[in-house]
Amino acid sequence: MPERSDGPAATEAAGARLVQTLRPGDVVLVSGELGAGKTTFVRGAARALGVEGPITSPTFTIGRRYAGRVPVSHLDLYRLEGLEDEDPALLADYLTPDAIAFVEWPERAGTQLPATVHVRLEHAGGDRRRIEVRQP
Amino acid sequence: MIVALETSCDDTCAAVVERDGTIRSNVISSQGVHDRYGGVVPEVASRHHLELVNDVVDDALRQAGATLDDADTIAVTRGPGLVGALLVGLQTAKALAAARRLPLAPVDHLLGHVAATELRPQAFAPPFLCLVASGGHTFLADVRDPGRFEVLGSTLDDAAGEAFDKGARMLGLGYPGGPALQRLAQSGDERAFDFPTAKGVAGLDFSFAGLKTALLYAIRDLGEDEAAARRADLAASYQRAIVEALAHRVERGLEATGHTRLALGGGVAANGPLRERMSQLPVELAIPPIELCTDNAAMIAAAARHVAPLPYPEYFGLDAYATGEGGL
């Protein structure tokens with residue numbers, strides 16, 4: 001059953017709620033169009049994990065790693081065409097057993113990512129969003 | 001004389017700069033290969049840096065009519081950026097420095113953008129307020145003394161250049177998005193759409209996520225045909241929103257700090273309407289030439305003059321960093 005969000009604060013809160021169910025080593029794939037609120041969702045999750053300071057789009061550097069109560073990795077594969085031309089070690093620094101990882105634009109990696117949770121954000125007009133969380 | 005290297009993203013750069021800020025050479029080798037990927041491919045970027053870096057350094061020395069024997073310091077970008085790409089420059093710089101037993105100055109890329117204005121002939125020295133806006137960074141800095149700056153505000157989500165790139169992609173334009181979007185906008189009406197400029201974001205921080213969403217909705221509401229017919233209007237209005245969002249923060253920053261001098265840096269400073277808008281502010285304005293706004297090694301040399309260099313061989317263990325202080 002998808003959740004409804006009426007704005008960025010609610011989207012952050014949804015991210016914060018999700019982390020209660022997560023453990024180190026988990027990989028959360030966060031899908032959605034440009035502007036759907038993927039980074040906002042991850043910001044809420046990272047805050048709930050004790051990360052301080054700016055949590056911004058990692059598009060430029062592909063990945064960021066933050067120190068929280070557990071390490072938090074934030075990846076964004078938007079600029080990648082695929083992982084075929086990439087060094088397999090590209091993501092290895094981020095997808096580590098001690099960290100909780102969030103991956104934006106996971107579709108760019110095809111099916112190669114080990115996922116424990118799928119999150120999908122969709123525009124629902126104005127600031128509203130539909131947020132679907134699938135956990136196996 | 002300083003020999004500087006910069007390989008933080010997709011340009012391989014080397015420069016020779018005198019201690020007084022005179023540029024003797026500034027070589028930039030762009031990797032056109034990225035155009036078809038719509039962005040940077042880290043592994044491809046690193047490989048290309050590796051292929052190009054020695055030739056680029058040789059070119060810089062040749063154009064300067066100098067040899068490594070004339071250098072007193074080697075300078076290099078240590079971060080932030082793509083770690084694999086940074087490491088190519090860093091290891092090359094270590095080797096160059098070690099071969100001549102020279103000191104090595106590790107430089108923060110962002111300090112480089114701030115210090116670019118100090119290069120001759122412009123030689124615009126602190127104090128000033130500095131707006132740095134590029135594909136990876138957008139922040140406002142209070143620069144009181146050379147070699148140091150305090151970040152007053154930075155983006156909460158996307159960088160301004162990233163907003164240009166993503167907007168361009170929504171409008172079906174190629175990468176890099178900034179120049180393509182500016183070209184399309186020239187034939188459009190910038191008042192056609194009222195896009196948000198993050199006025200509600202308090203203080204001196206920037207936000208472009210809402211603008212991105214607004215463009216997406218505008219395209220969707222118009223429908224495919226109408227959106228295609230009005231692409232120039234969409235581009236012009238979107239560009240205006242980015243420029244106004246940047247300008248509002250600059251105005252607030254000038255007021256908060258009392259600065260009467262302003263400098264721009266980063267690739268977005270190449271944007272025509274932004275330069276135009278900034279030139280209307282009642283301040284003494286410095287915008288370096290475009291080749292000193294986009295990534296380059298001369299700005300790294302400029303910043304290196306204010307960094308304590310590590311003597312040989314203390315720099316062998318030096319590592320690159322992807323993210324700088326405060327998440328920038």
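The chains referred to below are lettered A, B, ... by the order of the sequence lines, with proteins before strands, and numbering in each begins at 1.
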Undergrad: Quick check for you: to the nearest 0.5 Å, what is the distance between B:E162 atom CD and A:D76 atom CG?
TA: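 Interatomic distance, B:E162 CD to A:D76 CG, rounded to 0.5 Å: 7.0 Å.
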Undergrad: Quick one: does A:S57's side chain get under 4.5 Å of B:K166's, heavy atoms only?
TA: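 Yes, side chains in contact.
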Undergrad: Could you have a look at B:L211, B:D157, B:D158 and say which one has the most heavy-atom pairs with chain A under 4.5 angstrom?
TA: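 Highest number of pairs under 4.5 Å: B:D157.
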Undergrad: To the nearest 0.5 Å, how far apart are OG1 in A:T40 and CG in B:L156?
TA: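 If I round to the nearest 0.5 Å, the distance is 10.0 Å.
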Undergrad: Flag the one option from A:P8, A:G35, A:A36 with the top tally of heavy-atom pairs under 4.5 Å to chain B.
TA: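 Answer, by heavy-atom pair count under 4.5 Å with chain B: A:G35.
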Undergrad: Taking all non-hydrogen atoms of both residues, which atom of A:H123 and which atom of B:T213 are closest, and how far apart?
TA: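 That would be CE1-CG2, 3.4 Å.
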Undergrad: Please classify the contact of A:E52 with chain B as side chain, backbone, both or neither, using a heavy-atom distance under 4.5 Å.
TA: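 Neither part; nothing is under 4.5 Å.
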Undergrad: Is it the backbone or the side chain of A:R65 that comes under 4.5 Å from a heavy atom of chain B, or both, or neither?
TA: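 The answer is neither part of A:R65.
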